[in-house]
Protein chains: 2
Amino acid sequence: MKRKRRSYHHGDLKNALIAAGIDILAKEGAGALSLRSVAQKVGVSHAAPYAHFADKQALIAAISTEGYERLYEAIRAVAAVHQRDPARQLVEAAWVYVKFALDDPEHFKVTLSGVVEREKDYPAFVEVSKKSFAQVVEIVQACQKKAVLPKGAPDLVAVGVWSLMHGLVSLLLENQIPRSVLDRMPVRTMLVATLGQMARLDPEPPCATPS
Amino acid sequence: MKRKRRSYHHGDLKNALIAAGIDILAKEGAGALSLRSVAQKVGVSHAAPYAHFADKQALIAAISTEGYERLYEAIRAVAAVHQRDPARQLVEAAWVYVKFALDDPEHFKVTLSGVVEREKDYPAFVEVSKKSFAQVVEIVQACQKKAVLPKGAPDLVAVGVWSLMHGLVSLLLENQIPRSVLDRMPVRTMLVATLGQMARLDPEPPCATPS
DNA sequence: TGTACATCAGTGAACGCGCGTTCACTGATGTAC
DNA sequence: TGTACATCAGTGAACGCGCGTTCACTGATGTAC
């Protein structure tokens, strides 16, 4: 399972610790995330992380930043693929968001849950979160041009779209959506239906649901 | 601050513990919520709670249930006041939700954050959460009749409205909404604007903002 | 009204646990000459 | 190429902490007679 380190020095301990943290979140949940557990997973003494992170908050901030970067990259990719179809960009970007949340709920939660308290101390986090929001605003503007989304200040409409998606996945993760609704349709259909209450979308062909 | 108990027996320790828990959430946050802290706040030995709660989960479930009841009652009240005006019902119910979240964020989070894992064990929680959702569905139906909300299965549209509000408050609480948007308008205006992307609402007079 | 007794709610000591953090240390690495 | 030394990353023991939970107990309460 855990291969022996060849040398005294690890080489890339910082990134290894971040990866281990994400892994622990996925497999054991947020309660199990600690500097000690992360160190143990990498096979290093429990004090070693302090060479790379000032404290636990700093590790969490790094994990959050990584999560936002994952989102940013994935949305950038789908936006590029559907360059000329804003409605599609909107749906696929939303789907990216939902997929992240469902595939890796604990990482998603840490990323989006404001665990980064003193943002000032973590400029990388602030930067990628700003970039991500700007990306959404762009998609919203393109949608507005084609009357897919209602008029209004683009950043405000972006907040609306984001809220809708964030609320949907939060309620899903927190098990609050009634079974009667849940059992009636797959998540992707629910996403499109919900988004369709706000945006003018073409109906999806029932079999085109990606993964 | 803490008055001496007159007698050995407390009389209503169970409810006192729940109230103390809510108080701790408000004043010290979720991290400080423990059976021990709750017992201490009430002025009782740390083992006393076990006479009333099987374990920590049971206390949390009780606090969650209390939170949902607060929501349920408040929404029922505003729905009654605006009996003949579904759009208003919608806005005020949403406002109730947002107010709860902003006034008592930690209690709100515990209530809505699926901390009640094995719902089966807490039927009171399940019941009040179902009742609350049904209430929203009713308001949604009334809104649909007046074309305030789009057509579609009422429970699905209710999920949409709920998601929108839940996402908005979650992002607010988690400090994710960009300052540029935040600084431009009060929360209530943001709520109405966001809800307005999904519902056909009359514009609010700028000075009618309740508390 | 008085007494015996069962029931119940709260006590306080004790358990083992994992945590964040500090500290003096040591092994490995790289650089100057 | 070889040696001295500064730097750096990781070690392992130790600290104090608050937690959930158990357990034998005891003080208060209520009921039967």
Side-chain angles (χ1 to χ4, degrees), chain A residues 2-25 27-64 106 110 115-118 121-122, chain B residues 2-25 27-64 106 110 115-118 121-122:
Chain A
K2 213 169 293 169
R3 56 171 178 236
K4 211 54 168 291
R5 254 180 13 268
R6 333 178 169 80
S7 70
Y8 190 89
H9 284 167
H10 181 282
D12 193 21
L13 184 54
K14 182 165 187 176
N15 286 314
L17 290 169
I18 295 173
I22 292 171
D23 211 50
I24 286 174
L25 283 174
K27 290 182 183 146
E28 303 168 59
L33 183 68
S34 68
L35 284 176
R36 294 179 102 107
S37 65
V38 150
Q40 196 196 29
K41 173 150 234 149
V42 172
V44 104
S45 90
H46 62 260
Y50 284 90
H52 303 276
F53 298 100
D55 54 20
K56 194 186 177 184
Q57 267 302 306
L59 173 65
I60 292 177
I63 292 175
S64 297
E106 300 295 334
V110 167
V115 195
V116 180
E117 278 153 21
R118 305 223 292 258
D121 298 345
Y122 307 104
Chain B
K2 212 169 294 168
R3 55 168 180 238
K4 214 48 171 293
R5 261 187 1 273
R6 335 178 168 79
S7 70
Y8 190 89
H9 284 166
H10 181 282
D12 193 21
L13 183 55
K14 182 164 186 176
N15 286 314
L17 290 169
I18 295 172
I22 293 171
D23 212 48
I24 286 173
L25 284 174
K27 291 180 182 147
E28 303 168 60
L33 182 68
S34 67
L35 285 176
R36 292 179 102 106
S37 65
V38 150
Q40 195 196 30
K41 173 149 234 151
V42 171
V44 104
S45 88
H46 61 261
Y50 284 90
H52 303 276
F53 298 101
D55 54 20
K56 193 186 177 184
Q57 266 302 308
L59 172 65
I60 291 177
I63 291 176
S64 296
E106 299 295 333
V110 167
V115 196
V116 180
E117 277 153 23
R118 305 224 290 257
D121 298 345
Y122 308 103

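What's counted below: heavy atoms across the whole structure, side chains too, no hydrogens, waters or symmetry copies. Below, chain A is the first sequence line, B the second, and so on; all start at residue 1.
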Under 3.5 Å, sequence neighbours excluded: what are the donor-acceptor pairs made by side chains of residues 31-39 of chain B?
from: B:S34; atom 1: OG; to: B:S37; atom 2: N; distance (Å): 3.0
from: B:S34; atom 1: OG; to: B:S37; atom 2: OG; distance (Å): 3.2
from: B:S37; atom 1: OG; to: B:A32; atom 2: O; distance (Å): 2.9
from: B:S37; atom 1: OG; to: B:S34; atom 2: N; distance (Å): 3.0
from: B:S37; atom 1: OG; to: B:S34; atom 2: O; distance (Å): 2.9

statement: Rounded to whole Å, CD of B:Q40 lies from P of C:dT11 at a distance of 13 Å

Just the atom pairs and distances: protein N or O near nucleotides 18-21 of chain D's N or O, under 3.5 Å.
from: D:dC19; atom 1: OP1; to: B:S34; atom 2: OG; distance (Å): 2.8
from: D:dG20; atom 1: OP1; to: B:L35; atom 2: N; distance (Å): 3.3
from: D:dG20; atom 1: OP2; to: B:L35; atom 2: N; distance (Å): 3.2
from: D:dG20; atom 1: OP2; to: B:R36; atom 2: N; distance (Å): 3.4
from: D:dG20; atom 1: N7; to: B:R36; atom 2: NH1; distance (Å): 2.5
from: D:dG20; atom 1: O6; to: B:R36; atom 2: NH1; distance (Å): 2.7
from: D:dT21; atom 1: OP2; to: B:Y50; atom 2: OH; distance (Å): 2.9
from: D:dT21; atom 1: OP2; to: B:K56; atom 2: N; distance (Å): 3.4
from: D:dT21; atom 1: O5'; to: B:Y50; atom 2: OH; distance (Å): 3.4
from: D:dT21; atom 1: O4; to: B:R36; atom 2: NH1; distance (Å): 3.2

- request: Using a cut-off of strictly less than 4.0 Å between a heavy atom of the residue and any atom of DNA chain D, enumerate the qualifying residues of residues 13-20 of chain B by number.
  value: none

- prompt: By side-chain contact (heavy atoms from CB on, under 4.5 Å), which residues pair with A:A30, not counting sequence neighbours?
  reply: A:L25, A:E106

field: Non-hydrogen atoms of A:L59 and A:L17 that approach each other most closely
entry: CD1-O, 4.3 Å

statement: Contacts of B:D55 meeting side-chain contact (heavy atoms from CB on, under 4.5 Å) (sequence neighbours excluded), chain-then-number -> B:Q57, B:A58, B:Y122

- request: Nearest 0.5 Å please: distance from the CG atom of A:L13 over to the CD1 atom of A:I18.
  value: 10.0 Å

- request: Enumerate the residue pairs fulfilling side-chain hydrogen bond (donor to acceptor under 3.5 Å, both in side chains) with a member in residues 11-24 of chain A, sequence neighbours excluded, ordered by first and then second residue.
  value: A:D12-A:N15, A:D23-A:K27, A:D23-A:K41

Distance-only criterion, 3.5 Å: show the donor-acceptor pairs between side-chain atoms of residues 43-52 of chain A and protein atoms not counting sequence neighbours.
from: A:S45; atom 1: OG; to: A:A47; atom 2: N; distance (Å): 3.4

query: If we fit an axis to the first five pairs and another to the last five of the helix from C:dG2-D:dC33 to C:dC33-D:dG2, what angle do they make, to the nearest 10°?
result: 10°

